[in-house]
Student: 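Take a look at the following structure, please.
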Number of protein chains: 4
Amino acid sequence: MDGTKQQRRGNTRQRIQDVALELFAEQGYEKTSLREIAERLEVTKAALYYHFKTKEEITVSIFTDLTKPIEDLIEWGRSQPQTLETKHELVRRYSQALSEAAPLFRFMQENQATVRELQIGDSFKDRMRSLRDIIIDPQAPLTDQVRCVSAIFTLHAGMFFLQDLEGDPEEKRQAVLEVAVDLVTQAHQGA
Amino acid sequence: MDGTKQQRRGNTRQRIQDVALELFAEQGYEKTSLREIAERLEVTKAALYYHFKTKEEITVSIFTDLTKPIEDLIEWGRSQPQTLETKHELVRRYSQALSEAAPLFRFMQENQATVRELQIGDSFKDRMRSLRDIIIDPQAPLTDQVRCVSAIFTLHAGMFFLQDLEGDPEEKRQAVLEVAVDLVTQAHQGA
Amino acid sequence: MDGTKQQRRGNTRQRIQDVALELFAEQGYEKTSLREIAERLEVTKAALYYHFKTKEEITVSIFTDLTKPIEDLIEWGRSQPQTLETKHELVRRYSQALSEAAPLFRFMQENQATVRELQIGDSFKDRMRSLRDIIIDPQAPLTDQVRCVSAIFTLHAGMFFLQDLEGDPEEKRQAVLEVAVDLVTQAHQGA
Amino acid sequence: MDGTKQQRRGNTRQRIQDVALELFAEQGYEKTSLREIAERLEVTKAALYYHFKTKEEITVSIFTDLTKPIEDLIEWGRSQPQTLETKHELVRRYSQALSEAAPLFRFMQENQATVRELQIGDSFKDRMRSLRDIIIDPQAPLTDQVRCVSAIFTLHAGMFFLQDLEGDPEEKRQAVLEVAVDLVTQAHQGA
DNA sequence: TATGAATGAGAATTCATTCAT
DNA sequence: AATGAATGAATTCTCATTCAT
């Protein structure tokens, strides 16, 4: 009661995004209804429609807002010389970016089928392709290309599939990062 | 097309599974309604309920039937000595098994959020854990453990995320397999 | 296993009626599906249709078979002189008949709305009317007529609404009977 | 007919209850679908779900609203001395309350099997027990206890089972009441 | 900046019933 | 005397969305 209602003022849009993402990641996109989002926020469904035109728009807005760092990262990557050092740095920064937007990526990881149908799908694929094109050398043998894709993939999966491996989360992130960097290195040398 | 109606006799159950999996993989589990499945089969929804008690039961039955080879594989893995050779063979066979049940794994890959809620989720997690426990040495450094998880993951992802890389599918599968085998080798030596 | 299957021979019709009535009384008519009946009998639904044309027919047949004694009773009542003694005997015999077909009457008591829609409804109403006409003197004051209806009703209700009153069932039946007889007596004298 | 649409505003919830009870009493609970209720109200099924979470909730709400007077009556009964006069007054007031909520009690009378499964069942049984405990003397002989139950029961049944007895409804209610009062008196005197 | 009331479309599921074998 | 396979019609319920206020 103290401040809560006052704080709410003016940032409902933001709060909708937060709660929505939280629920999408928890239970999946299709299983999450606008009623649930509204209930958790203690507003009516209609209020959501004041801020967003559709359920999809909520999702797109979350995606757009949260992947800005990655877009920037790609921009940066493109402007750098294509050295191994650049690739390593890219992987490092990407790992960082992923862990900062973990819920979004968990959502995307676990709802690929849905994401594919949404507009997001394409933007995301584009981004992935751009990233890949920076790391991969298209002249390289297929295995080395796979290594690069695998590096990126390892980063993605790392966040969720290592949960039942013992160890401190940050330590695990470092281990994952190391493996990914390694894969990129091997791909680079292999040529 | 030839003798359609006659052929239908007695294999409806099987046909339901086929069509269901097809659609689940195509459009996602939640987006696929029993009406659609029934329509594509040219039977009524009620016919589906003659063969399966619920939508989930259809899914479980598909899973159970199609992952039998993997269960066998794990059985085999456990009975072997824990050598590098065994691990390699396991990875090879797993890659094979995956590509044989590709639609199922595509479905599971792309509908993780859903799968988590279904009974399947647990059986699958168990299986993944068993597999991991055969390949991983729990005494090994964290990075090496990650390498093994990454190997398995690379196999999984390989099937879907390499689709827009040019090259013949079988050739790509071989490349993926090579990278995975490599990761396991590194994990083994790393210790 | 011993004899069961053999015994089953030739009396399936009867067993269907038994199980159906059992379930109707337990869970209500509408809530009881033919599937359930068939399952409890370990036959298929189609088997029920070999013996009865519809669900309603099952019900009607149960009713007809089990209320034969009451029909006879009414026949008897009509042939007797309209003395108080006759009325008492009628009530006594009716009480007996009710307790012998308890499940049927429980079913009818608890599913009046349904029974009304079924054919049974009318036959039953007819029977009740006949009974009433034997006990009631249409010239008697309204209160005395009510007393007679109440007597019959007390018998009906007695079976189910006294269940949570302590005491031995047969003893309770006797008490109920006594009250009913009493009501009839009062109605008779009151005139 | 006059200003229909305007009048509708803001009392839909109430109208749903009315129509529902009407239909439940007319055709039985199970036979009454939400579609029918909605149609008779000229709204969509979904509108019902805006006001009530389930079909059962509609029923419970009707029950709760309409049996308030009886709850009050029991409260009153408990606060009075346990004299014969109190018992008589209780019976009189109960008769009145019943006739005021006639459709509800008709519904409950005729759908006992259903009511038993619903939450209502228990609340109702509790109420009946409370009522009984006020009227009955647990030390009294069984027959006298039966007389009391029979009195209450006569009131219940009176409403529906006397319909085909000739005479003015209010006159019949009085006759029923008289018989019930009489039964209580006899029980009290220990006849 | 929201809410209350409602809708239309569609979901999963259940049921009594049928019929060729 | 019974089964296996299927149907058509219905049911309860959920969802994203709309709009007057």
Side-chain angles (χ1 to χ4, degrees), chain A residues 8-13 16 29-38 41-58, chain B residues 8-13 15-16 30-38 41-58, chain C residues 8-13 16 30-38 41-58, chain D residues 5 8-13 15-16 30-38 41-58:
Chain A
R8 245 162 232 190
R9 291 256 138 162
N11 63 341
T12 305
R13 198 190 136 90
I16 293 172
Y29 181 78
E30 324 271 358
K31 280 256 175 75
T32 302
S33 67
L34 295 186
R35 179 177 52 68
E36 265 177 303
I37 299 176
L41 281 167
E42 293 176 277
V43 297
T44 54
K45 268 180 291 170
L48 307 185
Y49 279 91
Y50 176 78
H51 293 281
F52 300 95
K53 268 210 281 290
T54 63
K55 188 184 180 185
E56 178 159 0
E57 207 193 273
I58 297 180
Chain B
R8 239 159 239 192
R9 280 281 144 95
N11 62 340
T12 306
R13 199 191 136 92
R15 289 174 60 238
I16 292 172
E30 326 270 358
K31 279 260 175 72
T32 303
S33 70
L34 296 186
R35 181 181 51 71
E36 264 177 304
I37 299 177
L41 281 167
E42 292 178 282
V43 296
T44 56
K45 271 177 291 165
L48 306 187
Y49 280 93
Y50 175 76
H51 293 280
F52 300 94
K53 268 207 278 292
T54 61
K55 188 182 180 187
E56 178 160 359
E57 207 192 271
I58 298 181
Chain C
R8 243 162 233 190
R9 289 257 140 161
N11 62 341
T12 305
R13 199 191 135 90
I16 293 172
E30 322 272 358
K31 280 256 175 75
T32 302
S33 67
L34 294 185
R35 180 177 53 69
E36 265 177 303
I37 298 176
L41 281 167
E42 293 177 278
V43 296
T44 54
K45 270 180 292 172
L48 307 186
Y49 279 92
Y50 176 79
H51 293 282
F52 301 95
K53 267 209 279 292
T54 63
K55 189 184 180 184
E56 179 159 359
E57 207 192 274
I58 297 181
Chain D
K5 279 256 158 116
R8 236 160 241 190
R9 279 280 146 97
N11 64 339
T12 307
R13 201 191 135 91
R15 289 175 60 238
I16 292 172
E30 325 270 359
K31 279 259 174 71
T32 303
S33 70
L34 296 185
R35 181 180 52 70
E36 263 177 306
I37 299 177
L41 282 167
E42 292 177 281
V43 296
T44 56
K45 273 175 291 164
L48 306 187
Y49 280 94
Y50 174 75
H51 293 280
F52 300 95
K53 268 207 276 294
T54 61
K55 188 183 178 184
E56 178 160 358
E57 208 193 270
I58 298 182

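Just so we're clear, the structure is a prediction, and the values are computed from it rather than from any experiment. Numbers restart at 1 for each chain; the letters A, B, ... are given by sequence-line order, proteins then strands.
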Student: Counting only side-chain heavy atoms from C-beta out, which of dT18(E), dA10(F), dG8(E) sits nearest to Thr44(D)?
Tutor: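 Nearest to the side-chain atoms of Thr44(D), counting from C-beta on, is dG8(E).
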
Student: Measure from CZ on Arg35(B) to C1' on dT11(F) and round the result to the nearest Å.
Tutor: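 Distance check: Arg35(B) CZ to dT11(F) C1' gives 18 Å.
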
Student: Measure the distance from CG on Leu41(C) to C1' on dA2(F) and round it to the nearest whole Å.
Tutor: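 Rounded to whole Å, this separation is 13 Å.
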
Student: Side chain of Thr54(B) only, please: which of dT13(E), dC13(F), dT3(F) is the nearest?
Tutor: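 Per side-chain heavy atoms of Thr54(B), the pick is dT13(E).
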
Student: Whole angstroms only, please: what is the CD-C1' distance between Glu57(D) and dT12(F)?
Tutor: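 Distance, rounded to whole Å: 14 Å.
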
Student: Counting only side-chain N and O atoms of His51(B), is one of them less than 4.0 Å from OP1 or OP2 of dG4(F)?
Tutor: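 For dG4(F), OP1/OP2 do not have a side-chain N/O of His51(B) under 4.0 Å.
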
Student: Closer to the 5' end of DNA chain E via nearest nucleotide, is it Ala47(D) or Leu34(B)?
Tutor: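 Closer to the 5' end of DNA chain E: Ala47(D).
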
Student: Counting distance alone, no hydrogens or angles: does the base of dT3(F) have a donor or acceptor under 3.5 Å from a partner atom on the side chain of Lys45(C)?
Tutor: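 No, no donor-acceptor pair under 3.5 Å.
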
Student: Are any of Tyr49(D)'s side-chain N or O atoms less than 4.0 Å away from OP1 or OP2 of dC13(F)?
Tutor: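 Checking Tyr49(D) against dC13(F): at least one side-chain N or O falls below 4.0 Å of OP1 or OP2.
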
Student: Return the set of residues passing side chain to side chain contact (heavy atoms under 4.5 Å, CB included) with Lys45(C) (not counting sequence neighbours), or none when no residue passes.
Tutor: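 Counting only residues at least two positions away or on another chain, Lys45(C) forms a side chain to side chain contact (heavy atoms under 4.5 Å, CB included) with Leu34(C), Arg35(C), Ala38(C).
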
Student: Would you say Thr12(C) reaches dA2(F)'s phosphate, i.e. side-chain N/O to OP1/OP2 under 4.0 Å?
Tutor: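 For dA2(F), OP1 or OP2 has a side-chain N or O of Thr12(C) closer than 4.0 Å.
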
Student: Give the stems involving DNA chain E, where a stem is 3 or more consecutive Watson-Crick or G-U wobble pairs (i with j, i+1 with j-1, and so on) under 3.5 Å.
Tutor: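 E:2-21 with F:2-21 - these are the stems of 3 or more pairs that involve DNA chain E.
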
Student: Just so I know, are the side chains of Glu30(B) and Tyr29(A) near enough to count as touching, which here means a heavy-atom distance under 4.5 Å?
Tutor: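 No, side chains not in contact.
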
Student: Which residues pass the side chain to side chain contact (heavy atoms under 4.5 Å, CB included) test with Glu57(B), sequence neighbours left out?
Tutor: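 Testing Glu57(B) for side chain to side chain contact (heavy atoms under 4.5 Å, CB included), a comparison that skips the adjacent residues, returns Phe52(B), Lys53(B), Thr54(B).
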
Student: Test of understanding: with salt bridge (Lys or Arg N to Asp or Glu O under 4.0 Å), list the residues that count as partners of Lys31(C), not counting sequence neighbours.
Tutor: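 Testing Lys31(C) for salt bridge (Lys or Arg N to Asp or Glu O under 4.0 Å), a comparison that skips the adjacent residues, returns Glu117(D).
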
Student: State the CD1-OG1 distance between Ile37(A) and Thr32(A), to the nearest 0.5 angstrom.
Tutor: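 Going from CD1 on Ile37(A) over to OG1 on Thr32(A), the span is 6.5 Å.
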
Student: Expressed as a whole number of angstroms, how long is the span from Lys31(A):NZ to dA16(F):C1'?
Tutor: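 Rounded to whole Å, this separation is 18 Å.
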
Student: Please state how far atom CD1 in Ile37(D) lies from atom P in dA10(F), giving the value in whole angstrom units.
Tutor: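 After rounding, the reported distance stands at 17 Å.
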
Student: Without decimals, in angstroms, what is the distance between Tyr50(B) OH and dG4(F) P?
Tutor: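 Taking atom P of dG4(F) as the reference, OH of Tyr50(B) is at 6 Å.
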
Student: Round to a whole Å and report the spacing from CD1 of Ile16(D) to P of dC13(F).
Tutor: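 The distance from CD1 of Ile16(D) to P of dC13(F) comes to 14 Å, rounded to the nearest Å.
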
Student: Check the distance between dC15(E)'s P and Glu30(D)'s CD and give it to me in whole angstrom.
Tutor: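 Those two atoms, CD and P, are 11 Å apart.
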
Student: Taking side-chain hydrogen bond (donor to acceptor under 3.5 Å, both in side chains) as the definition, give me every residue that meets it alongside Glu56(B), ordered by chain and number, with sequence neighbours left out.
Tutor: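 Glu56(B): no side-chain hydrogen bond (donor to acceptor under 3.5 Å, both in side chains) contacts found.
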
Student: Can you list the residues that meet the salt bridge (Lys or Arg N to Asp or Glu O under 4.0 Å) rule with Arg13(B), with sequence neighbours excluded?
Tutor: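 Listed in chain order: nothing, the list is empty.
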
Student: Identify, between Leu48(C) and Lys55(D), the residue whose nearest nucleotide on DNA chain F lies closer to the 5' end.
Tutor: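 So the residue in question is Leu48(C).
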
